[in-house]
Structures are given as C-alpha cells and as structure tokens.
Amino acid sequence: MSRWKELPAGLPAPVHQLIVRLRGLKDRSELGTRQLSARTGYSAKSWQRYLNGRTLPPREAVEAMCRVGGDDPTRLLALHEIAAQHWAEGRSDATEPPSPAAAQEPTRQERQPHGRLLRTAVVAGAVVTVLSVSVALLLAVRLTDARAQLARERGDTVTTVPATVTESLVPVIYTCRLERADGRWYAGLSRTTDVLLSNTQVGLEVAEAQCLLRRAGTAPGDVDGVFGPKTRRAVERMQKRNGLIVNGVIDPPTWQALREADPK
C-alpha cells in the first residue's frame, strides 16, 4: 500500500474524508500517477495536487477514479458535493502556495488582525457541528437496533434497507414497516405530522419521511436517516407532483401529502 503524505492541517472533515477515499481507490488500482493520468485524462501533477489535499478534484475526476478503482460513484459524488460546499468557503486559499507576487504583499490576516481569530472560530464551529451530528447518528443506530430486536422477538416479517451514513461510522439499518391507519400511512419510525425537516438534518423523522417518499414513488436513495441532496431532490419531485410549494423542505403540507396521498 502507498505511504501517503499527511494531509494539510485545517482541511474540513468532508474534504479530508473525500481525499482518503480517493487515496484508497488509487491504492486498490495499484496505478502510479502517470498510469492514472493515462486512464483518467487528468495529468499526473493534477492527481498529485488532488491526492495531497492542495486542490479539490472536480466531479468528473472523482467519477473517473471510481471507474479505475471499480467502485460505485454514487456515495462518493454525494460526499464530493458536500466537500465542494466547504471548500468554497475559503479553504482553498489555505492549501495553495502563494504566488511570488502575492508573497510580497501583506496577507489578509496582516491587513485584518481579527482574521485569524475569525477563521479559528469558524473551524471550531465546524468541529462542534460534526461532533453533534455524529452523536445524533449513533443514538439513532442504538434506537434502530432496539426496534429491530423487538421486531425479531415478536416474529414480525420486515424488509430492511441497508445504508452507510459515513465511512467513519457504523452502518445504519432502518426498517420501513409501512401500514395504514385512520387513512394515513406510517413507516414505524415516527408518527409526526408537523416537524420541519430540511437539508443536513438527521434522525428517525428523516428516516420516516424517506420511507414515505419511497412509497410515494420518489425514492430518496438509501433510508439512512440523513437529509442529504438525494432526499432533498426526492422531496422537490414529490411536492411538484402534488401541487405543493417546491422548496425541498418537509413541512406540514408535505407531511400531509406523504401520509395521505397514493403514489402518482
């Protein structure tokens, strides 16, 4: 296996995870950077920058690496979309060396003494957010395991949908147990009708909505309890079909349509 250089300090967690996954695919392919260039169309120097965390690889390069490594690109492209959002918030300036002309000019931190403190606060906030999401996901895993064990003890026949939340967390398995009661559909994970759900939220309510979206014919991908890009697009398609405001947010009218309407 290749001995990789340590990635630059301060990379956002999604960017760091994306590069680690790309490095793993390169190791699996057993190709050098020149061979990788010939197989993907991106230069050897470009791959060196991508794999050492100095430049965020474009979406097409990620797809090409998945083909070389024999991996399904779906999850890696979703991770790339999140990494690109973080990268656009100014992280690229911290990983690219300055040009000779720029080196002679005062840095942004020198012109603005509070710039470094602000950057530190942003990074600290991102770390807190990642930790909070991780704790929520782990709690969801434990609750899901308890539900699954209860179902086995009762002898219920259920269909499980495996999904991987992140490479660093254990796999999450949510069970869609669809049933209709009092004219409304439920999936056995939550009975809410008014909790607002939007991008980046996690939990059982999200998994419930994903089950109902799948039943309605607008599949959100894996039922993993994570409100990501696929879930948002599925919500928008469902809202458009039902004549609702297309905002990608699961609000009370959207819950009502998910629980009451038949697939169209």
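Small disclaimer: the values here were computed from a predicted structure and weren't measured.
Arg214 contributes a side-chain N or O that, together with a main-chain N or O of Gly221, makes up a donor-acceptor pair within less than 3.5 Å. A donor-acceptor pair under 3.5 Å is absent between the side-chain atoms of Arg177 and the main chain of Ala187, judged by distance alone. A donor-acceptor pair is defined here as one N or O able to donate and one able to accept, closer than 3.5 Å; such a pair exists between the side chain of Asp224 and the backbone of Val226.
Looking only at side-chain heavy atoms (C-beta outward), Lys5 and Leu51 stay at 4.5 Å or farther from each other. Counting heavy atoms from C-beta on, the side chains of Lys240 and Glu236 never come closer than 4.5 Å. With contacts defined as side-chain heavy-atom distances shorter than 4.5 Å, the pair Leu77/Val62 qualifies. Between Leu212 and Trp255 the shortest side-chain heavy-atom distance falls below 4.5 Å. You'll find the side chain of Arg184 reaches within 4.5 Å of the side chain of Thr193, heavy atoms only. Contact annotation: the side chain of Tyr42 approaches that of Pro58 to within less than 4.5 Å [non-hydrogen atoms, C-beta and beyond]. In this structure, Trp87 and Leu11 have side chains that are in contact, with non-hydrogen atoms separated by less than 4.5 Å.
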Check against side chain to side chain contact (heavy atoms under 4.5 Å, CB included), Glu208 and Tyr174
CA-CA 9 Å; Glu208 174 82 7; Tyr174 281 101; over 6 Å; no
Kindly indicate, with the supporting measurements, whether the criterion side chain to side chain contact (heavy atoms under 4.5 Å, CB included) is fulfilled by Leu76 and Leu22.
CA-CA 9 Å; Leu76 206 55; Leu22 291 175; 3.9 Å; yes
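Scanning all heavy atoms of the two residues, the minimum distance from Trp47 to Ala61 falls at CH2-O, 3.4 Å. In terms of heavy atoms, Ala234 sits closest to Leu213 at O-CD2, 4.0 Å. Shortest non-hydrogen contact noted between Ser29 and Lys26 is OG-O, 2.7 Å.
Considering CE of Met65 and NE2 of His80, their distance stands at 12.5 Å, rounded to 0.5 Å. Taking CD1 of Ile82 as the start and CG of Leu18 as the end, the distance is 10.5 Å to the nearest 0.5 Å. To the nearest 0.5 Å, the span separating CG on Leu244 from CG on Asn242 amounts to 5.5 Å. Note that the OG1 atom of Thr33 and the CZ atom of Arg49 stand 12.0 Å from one another [nearest 0.5 Å]. Atom CD in Gln256 sits 11.5 Å away from atom CG in Asp194 (nearest 0.5 Å). To the nearest 0.5 Å, the span separating OG1 on Thr231 from CG on Leu197 amounts to 10.0 Å.
Follow the hydrophobic side-chain contacts under 4.5 Å out from Met238 and you never reach Tyr186; the two are in separate clusters. Residues Leu196 and Leu204 are members of separate hydrophobic clusters, defined by side-chain heavy-atom contacts under 4.5 angstrom among Ile, Leu, Val, Met, Phe, Trp and Tyr. The same ILVMFWY cluster, assembled from side-chain heavy atoms under 4.5 Å apart, contains both Leu25 and Leu7. Ile250 is not connected to Ile245 by any chain of hydrophobic side-chain contacts under 4.5 Å among Ile, Leu, Val, Met, Phe, Trp and Tyr, and they are in different clusters.
Residues meeting the salt bridge (charged side-chain N to carboxylate O under 4.0 Å, His left out) test with Arg59, sequence neighbours left out: none. Partners of Arg67 by side chain to side chain contact (heavy atoms under 4.5 Å, CB included), not counting sequence neighbours, listed by chain and number: Glu63, Ala64. Judged as a ring-ring contact (aromatic ring centres under 6.0 Å, His included), and not counting sequence neighbours, Phe227 has no contacts. Checked against side chain to side chain donor-acceptor pair (under 3.5 Å), Asn247 has the following partners two or more places apart in sequence or in another chain: Gln239.
For residues 180-239, the pairs satisfying disulfide bond (SG atoms under 2.5 Å apart) are Cys176-Cys211, with sequence neighbours left out. Pairs engaging residues 34-73 under the disulfide bond (SG atoms under 2.5 Å apart) rule: none recorded [sequence neighbours left out].
No donor-acceptor contact under 3.5 angstrom links the side chains of Asp222 and Gln210, judged on distance only. Side-chain N/O atoms of Ser37 and Arg34 include no donor and acceptor closer than 3.5 Å.
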